[in-house]
Asks: 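Got a structure for you, questions after.
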Amino acid sequence: MLPLILSVFALQTPPAYEARRAAADAAALLSANAPEWENAREVVWGPEPYRTRFRALWNEHGLHLRFDSEDDAPWFTMTERDDRLWEEEVVEIFLDPLHDGRYVEVELNPANVVCDLRRLGPGETASDPIGPMDRGFSVSGMRTAVATSGDRWIGTLFLPWEGLGLPDPPAAGAEIPFNIFRIKRPGGPEAPEEGAVFAAWSPTGSPSFHVPEAFRPLRLLP
């Protein structure tokens with residue numbers, strides 16, 4: 001069975017994601033039970049039974065992110081940072097905080113393992129649409145957590161502004177180009193390509209997630 005490639009974007013979803021300001025610190029918001037998550041705007045995409053829900057908050061220290069991934073059988077085999085997590089099951093965010101195309105990619109798997117890298121520039125040929133990636137890049141100060149609740153796994157992340165390459169925190173009203181994704185592989189480690197689902201929140205118009213033209217603004221509300 002061929003992979004299922006989805007670019008799902010609800011018609012009622014506005015063109016920007018608006019992140020509210022958070023008062024709680026990074027440690028508190030790593031908990032899925034933190035009450036401030038109830039005030040964060042939620043977007044939902046992907047096919048049943050693998051819907052994904054995303055929320056974000058921000059403050060002067062950085063971005064707080066949450067992915068709720070519906071899944072009754074999440075799996076993983078990779079356990080080392082910067083393993084090729086995209087070959088298994090992950091949630092992903094691409095962020096271009098410098099607005100220069102050198103976007104940051106962060107992936108998180110159900111075992112709370114992270115892969116973070118930075119795109120250095122566009123590909124030069126049709127066979128290389130992604131371009132070179134800096135596998136040695138790290139989001140310094142990043143913190144993550146994974147919890148399970150019923151038939152979903154919940155990943156929370158804190159990305160410091162400095163770790164994203166910004167020497168100073170952005171001001172309220174700033175917009176950061178971004179996109180978010182989910183890879184689900186129902187075939188498990190024995191058949192990871194069988195029925196694989198690649199779901200993009202903002203349509204890429206391509207089998208690849210690496211399409212900066214599909215990024216939408218993440219707007220920081222006052």
Side-chain angles (χ1 to χ4, degrees), residues 14 16-43 52-69 81-82 85-86 90-120 133-147 153-182 201-202 209-210 212 215-222:
Y17 178 90
E18 295 182 331
R20 299 183 175 123
R21 188 187 290 270
D25 62 19
L29 287 169
L30 285 178
S31 170
N33 296 321
E36 281 202 79
W37 286 120
E38 298 300 321
N39 299 320
R41 178 176 165 244
E42 180 178 80
V43 295
T52 310
R53 303 173 187 273
F54 171 82
R55 284 176 268 187
L57 297 165
W58 78 283
N59 56 28
E60 67 273 19
H61 303 296
L63 274 175
H64 306 268
L65 311 173
R66 172 173 173 159
F67 292 85
D68 288 56
S69 300
R81 181 162 182 164
D82 290 336
L85 301 185
W86 59 88
V90 291
V91 291
E92 305 182 25
I93 185 167
F94 293 1
L95 290 155
D96 187 2
L98 299 177
H99 296 256
D100 64 358
R102 294 182 299 135
Y103 55 81
V104 173
E105 175 180 350
V106 178
E107 303 182 10
L108 182 70
N109 80 357
N112 195 30
V113 179
V114 170
C115 176
D116 50 351
L117 53 160
R118 182 192 287 276
R119 183 190 193 225
L120 297 177
M133 303 292 289
D134 180 4
R135 294 288 305 276
F137 170 82
S138 292
V139 180
S140 59
M142 175 170 57
R143 302 175 68 178
T144 67
V146 169
W153 64 276
I154 303 169
T156 51
L157 306 91
F158 169 65
L159 309 182
W161 296 123
E162 186 174 1
L164 290 173
L166 293 173
D168 299 304
E175 295 184 346
I176 301 172
F178 88 116
N179 205 353
I180 42 180
F181 313 94
R182 165 95 177 275
W201 171 64
S202 178
F209 288 163
H210 292 268
F215 289 6
R216 294 176 181 267
L218 191 156
R219 183 176 301 133
L220 308 180
L221 295 181

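Scope of the values below: all heavy atoms of this structure, side chains included, with no hydrogens, waters or symmetry mates.
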Asks: Would you find a donor on one side and an acceptor on the other, under 3.5 Å apart, between the side chain of Asp96 and the backbone of Phe178?
Replies: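 No, Asp96 side chain to Phe178 backbone: no donor-acceptor pair under 3.5 Å.
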
Asks: May I have the step-by-step check of side chain to side chain contact (heavy atoms under 4.5 Å, CB included) for Asp134 and Leu117, ending in yes or no?
Replies: CA-CA 6 Å; Asp134 180 4; Leu117 53 160; 5.8 Å; no

Asks: Are Val104 and Val106 side-chain neighbours, meaning at least one heavy-atom pair lies under 4.5 Å?
Replies: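 In short, these two side chains touch, coming nearer than 4.5 Å.
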
Asks: If you look at every heavy atom in Gly155 and Leu108, which pair is closest and at what distance?
Replies: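 Scanning both residues, the minimum pair turns out to be CA-CD2, 3.7 Å.
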
Asks: To the nearest 0.5 Å, what is the distance between CG (Leu120) and CZ (Phe137)?
Replies: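 Leu120 CG to Phe137 CZ: 10.0 Å, rounded to 0.5 Å.
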
Asks: Applying ring pair (Phe, Tyr, Trp, His ring centres under 6.0 Å) between Phe181 and each of Phe54, Phe67, Phe94, Trp201, report the one that passes.
Replies: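 The single option meeting the ring pair (Phe, Tyr, Trp, His ring centres under 6.0 Å) with Phe181 is Phe94.
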
Asks: Counting N and O atoms only, with roles assigned by atom type, does the side chain of Arg66 sit under 3.5 Å from a partner on the main chain of Ala32, one being a donor and the other an acceptor?
Replies: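 Judged by distance alone, yes, a pair lies under 3.5 Å.
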
Asks: Heavy atoms only: give me the nearest Ala28-Ala24 pair and the separation to one decimal.
Replies: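 Shortest heavy-atom separation between Ala28 and Ala24 comes out as CB-CB, 4.1 Å.
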
Asks: So do the side chains of Tyr17 and Arg55 get within less than 4.5 Å of each other, counting heavy atoms only?
Replies: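 Yes, at least one pair of side-chain atoms sits under 4.5 Å.
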
Asks: Is a side-chain donor or acceptor of Trp153 paired with a backbone partner of Asn109 at a separation under 3.5 angstrom?
Replies: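 Between the backbone of Asn109 and the side chain of Trp153 there is no qualifying donor-acceptor contact (under 3.5 Å).
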
Asks: With side chains defined as the heavy atoms from C-beta onward, is the minimum distance between Leu159 and Leu95 less than 4.5 Å?
Replies: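 Yes - at least one pair of side-chain heavy atoms lies under 4.5 Å apart.
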
Asks: Is the shortest side-chain heavy-atom distance between Tyr103 and Arg118 below 4.5 Å?
Replies: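 They are not in contact (no side-chain heavy atoms under 4.5 Å apart), so the answer is no.
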
Asks: Closest heavy-atom contact between Ser202 and Arg216?
Replies: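 Scanning both residues completely, I find the closest heavy atoms to be OG-NE, 2.7 Å.
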
Asks: How long is the straight-line distance from CD1 of Ile93 back to CG of Asp116, given to the nearest 0.5 Å?
Replies: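 Answer for the CG-CD1 pair, Asp116 versus Ile93, is 13.0 Å.
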
Asks: Using a 3.5 Å distance criterion without hydrogens, assess whether the side chain of Trp37 forms a donor-acceptor pair with backbone atoms of Leu57.
Replies: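 Not confirmed, Trp37 side chain does not pair with Leu57 backbone.
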
Asks: Are Asn179 and Phe209 side-chain neighbours, meaning at least one heavy-atom pair lies under 4.5 Å?
Replies: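 Not touching, per the 4.5 Å side-chain cut-off.
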
Asks: For the residue pair Met133 and Arg119, establish whether any side-chain heavy-atom pair is separated by less than 4.5 Å.
Replies: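 A side-chain contact exists here, since the closest heavy-atom pair is under 4.5 Å.
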
Asks: Measure the spacing between CG of Leu63 and CG of Leu164 and express it to the nearest 0.5 Å.
Replies: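 Here the interatomic distance stands at 6.5 Å.
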
Asks: Closest approach of Pro110 and Val146, non-hydrogen atoms and distance?
Replies: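 Answer, listing the atom of Pro110 first, then Val146: O-CG1, 3.3 Å.
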
Asks: To check you understand the geometry: which heavy-atom pair defines the closest contact between Ala40 and Arg20, and what is its length?
Replies: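 Heavy atoms of Ala40 and Arg20 come nearest at C-NH1, 3.8 Å.
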
Asks: Where do Pro177 and His99 come nearest, in terms of heavy atoms and distance?
Replies: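 That closest heavy-atom pairing would be CD-CE1, 3.3 Å.
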
Asks: Can you tell me how far apart CG (Asn112) and CZ (Arg81) are? Round to the nearest 0.5 Å.
Replies: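 The CZ atom of Arg81 is 10.5 Å from CG of Asn112, to the nearest 0.5 Å.
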
Asks: Just do the side chain to side chain contact (heavy atoms under 4.5 Å, CB included) check on Val43 and Ile180 with the steps written out, would you?
Replies: CA-CA 10 Å; Val43 295; Ile180 42 180; 4.2 Å; yes

Asks: Is it true that atom CD of Glu36 has more than 12 heavy atoms of other residues, nucleotides or ligands lying nearer than 6.0 Å?
Replies: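 Yes.
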
Asks: Would you confirm whether Glu107, through its side chain, and Trp86, through its main-chain N or O, come within 3.5 Å as a donor-acceptor pair?
Replies: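 Judged by distance alone, yes, a pair lies under 3.5 Å.
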
Asks: Can you check whether Asp82's main-chain N or O pairs, donor with acceptor, with Arg135's side chain at less than 3.5 Å?
Replies: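 Looks like yes, one N/O pair under 3.5 Å.
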
Asks: What's the separation between atom CD in Glu92 and atom SG in Cys115, rounded to the nearest 0.5 Å?
Replies: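 The SG atom of Cys115 is 8.5 Å from CD of Glu92, to the nearest 0.5 Å.
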
Asks: Are any non-hydrogen side-chain atoms of Val91 and Ser69 less than 4.5 angstrom apart?
Replies: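 Side-chain contact under 4.5 Å: yes.
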
Asks: Supply the atom-to-atom distance Thr144 OG1 to Leu30 CG, rounded to the nearest 0.5 angstrom.
Replies: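 One finds 7.5 Å between OG1 of Thr144 and CG of Leu30.
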
Asks: Less than 4.0 Å between a side-chain N and a carboxylate O, is that true for Glu18 and Arg41?
Replies: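 Glu18 and Arg41: not salt-bridged.
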
Asks: If we only count heavy atoms from C-beta on, is the His64 to Thr156 side-chain gap below 4.5 Å?
Replies: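 In short, these two side chains do not touch, never coming nearer than 4.5 Å.
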
